[in-house]
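Structure, as structure tokens:
In what follows, chains carry the letters A, B, and so on, assigned in the order in which the sequence lines appear, proteins first and then strands, with residues in each chain numbered from 1.
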Protein chains: 2
Amino acid sequence: MNDEIKVAIIEDDNEIRQLMTLIIDSSPGFSCGQSFSSCESAMDDLQSSPPHVVLMDIDLPGMSGIEGVKCLKEKLLETDCLMLTVQDDDESIFNSICVGATGYLLKDTPPTEILKAIEEVHKGGSPMTASIARRIVSSFNTQKESPLSVREQEILRHLCDGENYKIIAEKLHISGHTVRSHFKNIYKKLHVSTRAEAVKKAINDKLI
Amino acid sequence: MNDEIKVAIIEDDNEIRQLMTLIIDSSPGFSCGQSFSSCESAMDDLQSSPPHVVLMDIDLPGMSGIEGVKCLKEKLLETDCLMLTVQDDDESIFNSICVGATGYLLKDTPPTEILKAIEEVHKGGSPMTASIARRIVSSFNTQKESPLSVREQEILRHLCDGENYKIIAEKLHISGHTVRSHFKNIYKKLHVSTRAEAVKKAINDKLI
DNA sequence: AGGACAATCGCCCGTGTGCGGTATTTTTAA
DNA sequence: TTAAAAATACCGCACACGGGCGATTGTCCT
């Protein structure tokens with residue numbers, strides 16, 4: 001059987017693309033059968049012969065690498081996309097992983113590290129640089145103290161479940177009037193005026 | 001000056017705790033000045049003498065490691081918390097990073113890897129095992145096609161902003177009745193019956 | 001040619017909701 | 001200890017909302 005990891009590369013810089021192709025092909029366990037200078041030119045080929053891993057640049061002529069990943073993942077669920085780019089802004093990073101990229105490397109990564117990353121992504125990991133990992137992890141950290149009291153947060157949780165005054169009142173063993181009062185205070189504190197806005201704010205600010 | 005990384009460990013298993021303390025202390029560049037068998041017993045000490053990195057178990061007597069991280073980060077913003085645990089369920093992982101953990105290792109990680117992780121977390125990274133990295137990255141991936149039509153998604157976005165029928169109708173140049181029809185269809189497709197639930201579902205399922 | 005679905009518009013009905021107040025008790029903080 | 005905030009409770013009003021049911025015009029797929 002063939003254990004080689006089939007890699008494809010999409011990169012508009014001829015030098016880099018050819019160099020990476022060479023490095024991959026000359027490394028045991030890897031083969032780079034497909035290389036393209038744009039997403040548009042890659043789509044058909046990749047779909048008819050899916051690689052295991054796609055190395056994707058972001059700044060490309062025509063369709064961006066991020067759009068490219070999005071298109072690709074709609075067709076090839078099994079193929080892992082590993083971004084390899086100079087862009088290290090939050091927007092590029094988060095957009096990439098949101099559309100389905102499973103790893104994110106910067107172009108200053110040494111070739112041996114890139115090969116290791118290809119292997120890792122193929123084994124089910126998500127290789128990325130240390131600072132990018134930190135930024136992703138930090139995006140989960142929501143250690144902001146809520147402006148709401150404990151009771152109000154409790155009410156808010158029920159509010160988010162779409163329960164009406166009566167139901168909430170019954171569940172919390174208080175009167176509907178009280179629930180309404182809490183709602184008013186919550187609205188004031190969150191600077192909103194409807195349930196929908198309150199839910200949105202609650203979820204986005206991770207108050208629940 | 002002293003470049004040593006000051007490490008603290010909170011771990012209820014005496015053997016593991018002593019072993020890790022020994023390993024850390026005997027490694028150049030590291031020192032383990034503080035070790036505790038519970039979060040409660042650690043808090044005062046850690047606050048009066050903050051370490052650079054805390055190795056935190058999750059399954060502890062009394063306060064869990066996750067609660068421990070939460071408490072700790074409220075006081076010590078600068079201290080990095082690195083989870084070291086047997087728990088590899090999604091809930092433990094995501095709760096940990098949500099309360100402020102910056103790394104997540106499993107207990108079968110070899111000691112040399114743990115030391116490397118301590119170093120990495122101290123340098124601003126977020127070390128974790130490959131499969132955990134993948135799970136975190138995957139949680140961003142929202143490549144599910146919406147059951148809603150384009151128009152309905154547009155309506156939904158306005159719905160999430162808490163706009164009422166009239167406002168939405170005006171903005172989209174359609175009648176309020178039409179907006180209501182769309183609402184009904186959206187509710188049916190999302191299996192909800194109120195705006196609040198619709199907003200919640202929309203955000204959680206990243207339909208907007 | 002026919003079915004499925006999207007987008008548009010319409011009506012009735014009951015009630016949940018938001019907004020304006022006021023007020024008491026308990027808990028927390030200064 | 002005293003003031004502030006939180007939690008509790010109540011009233012009335014206008015209308016926005018959700019449920020039910022129906023209709024017309026397109027498009028798309030088969």
Inset, instruction - Would you please confirm or rule out a distance under 4.0 Å between OP1 or OP2 of D:dG18 and any side-chain N or O of B:Y187? - result: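 Yes.
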
Legend entry - side-chain N/O B:Y165 vs D:dC15 OP1/OP2, d < 4.0 Å: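 False: B:Y165 side-chain N/O out of range (4.0 Å or more) of D:dC15 OP1/OP2.
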
How many whole angstroms separate atom [atom1] of [X] from atom [atom2] of [N]?
X      : N      : atom1 : atom2 : result
A:F183 : C:dG20 : CZ    : C1'   : 18 Å
A:R195 : C:dC19 : CZ    : P     : 12 Å
A:E170 : D:dA9  : CD    : P     : 13 Å
A:L159 : C:dG16 : CG    : C1'   : 13 Å
B:E163 : D:dC15 : CD    : C1'   : 18 Å
B:K188 : D:dG18 : NZ    : C1'   : 13 Å
B:E197 : C:dG16 : CD    : P     : 15 Å

Legend entry - Protein-to-nucleotide contact annotation, 5' to 3' order, nucleotides 6-12 of chain C [B base; S sugar-phosphate only; - none; under 4.0 Å, heavy atom]: SSBBBS-

Inset, instruction - Quick one, give me the B/S/- string for nucleotides 25-30 of chain C, reading 5' to 3', where B means a protein heavy atom under 4.0 Å from the base and S means that only happens at the primed atoms, P, OP1 or OP2. - result: ------

Inset, instruction - Return yes when atom NZ of A:K107 has more than 12 non-hydrogen atoms of other residues, nucleotides or ligands closer than 6.0 Å, and no otherwise. - result: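 It does: A:K107 NZ has more than 12 such atoms within range.
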
Inset, instruction - Take atom CG of B:D44 as the centre, draw a 6.0 Å sphere, and report whether it contains more than 12 heavy atoms from other residues, nucleotides or ligands. - result: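 Count not over threshold, so no.
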
Legend entry - Candidate nucleotides D:dA16, C:dG18, D:dG18, ranked by approach to the side chain of B:N164 - the nearest: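 Within the option list, the nearest is D:dA16.
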
Legend entry - Closest nucleotide among D:dA16, C:dG18, C:dG16 to the A:K166 side chain: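 Minimum distance to the A:K166 side chain belongs to C:dG16.
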
Legend entry - Test salt bridge (charged side-chain N to carboxylate O under 4.0 Å, His left out) applied to B:K116 and B:E119, B:E113, B:E120, the passing residue: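 Per the salt bridge (charged side-chain N to carboxylate O under 4.0 Å, His left out) rule, the option paired with B:K116 is B:E113, out of B:E119, B:E113, B:E120.
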
Inset, instruction - Kindly express the pairing pattern of DNA chain D in dot-bracket notation, using | wherever a base pairs with another strand and counting only Watson-Crick or G-U pairs under 3.5 Å. - result: |.||||||||||||||||||||||||||.|

Inset, instruction - Go through the steps for B:F94 and B:Y104 under the test ring pair (Phe, Tyr, Trp, His ring centres under 6.0 Å), then give the verdict. - result: CA-CA 10 Å; B:F94 285 101; B:Y104 201 105; 9.4 Å; no

Lys/Arg N to Asp/Glu carboxylate O, [X] vs [Y], below 4.0 Å:
X      : Y      : result
B:R17  : B:D57  : no
B:E154 : B:R157 : no
B:R134 : A:D80  : yes

Legend entry - For A:S96, the option from A:L82, A:T102, A:V69, A:I66 that meets side-chain contact (heavy atoms from CB on, under 4.5 Å):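 That would be A:I66.
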
Inset, instruction - Please confirm whether the backbone N or O of B:C32 pairs with a side-chain atom of B:D25, one donor and one acceptor, at under 3.5 Å? - result: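 Indeed, once roles are kept as given, a pair shorter than 3.5 Å links the two residues.
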
Inset, instruction - Test A:V137 against B:M128 for side-chain contact (heavy atoms from CB on, under 4.5 Å), laying out the working first. - result: CA-CA 10 Å; A:V137 167; B:M128 58 192 114; 3.7 Å; yes

Legend entry - Steps toward side-chain contact (heavy atoms from CB on, under 4.5 Å) verdict (A:D88, A:T129): CA-CA 10 Å; A:D88 76 339; A:T129 66; over 6 Å; no

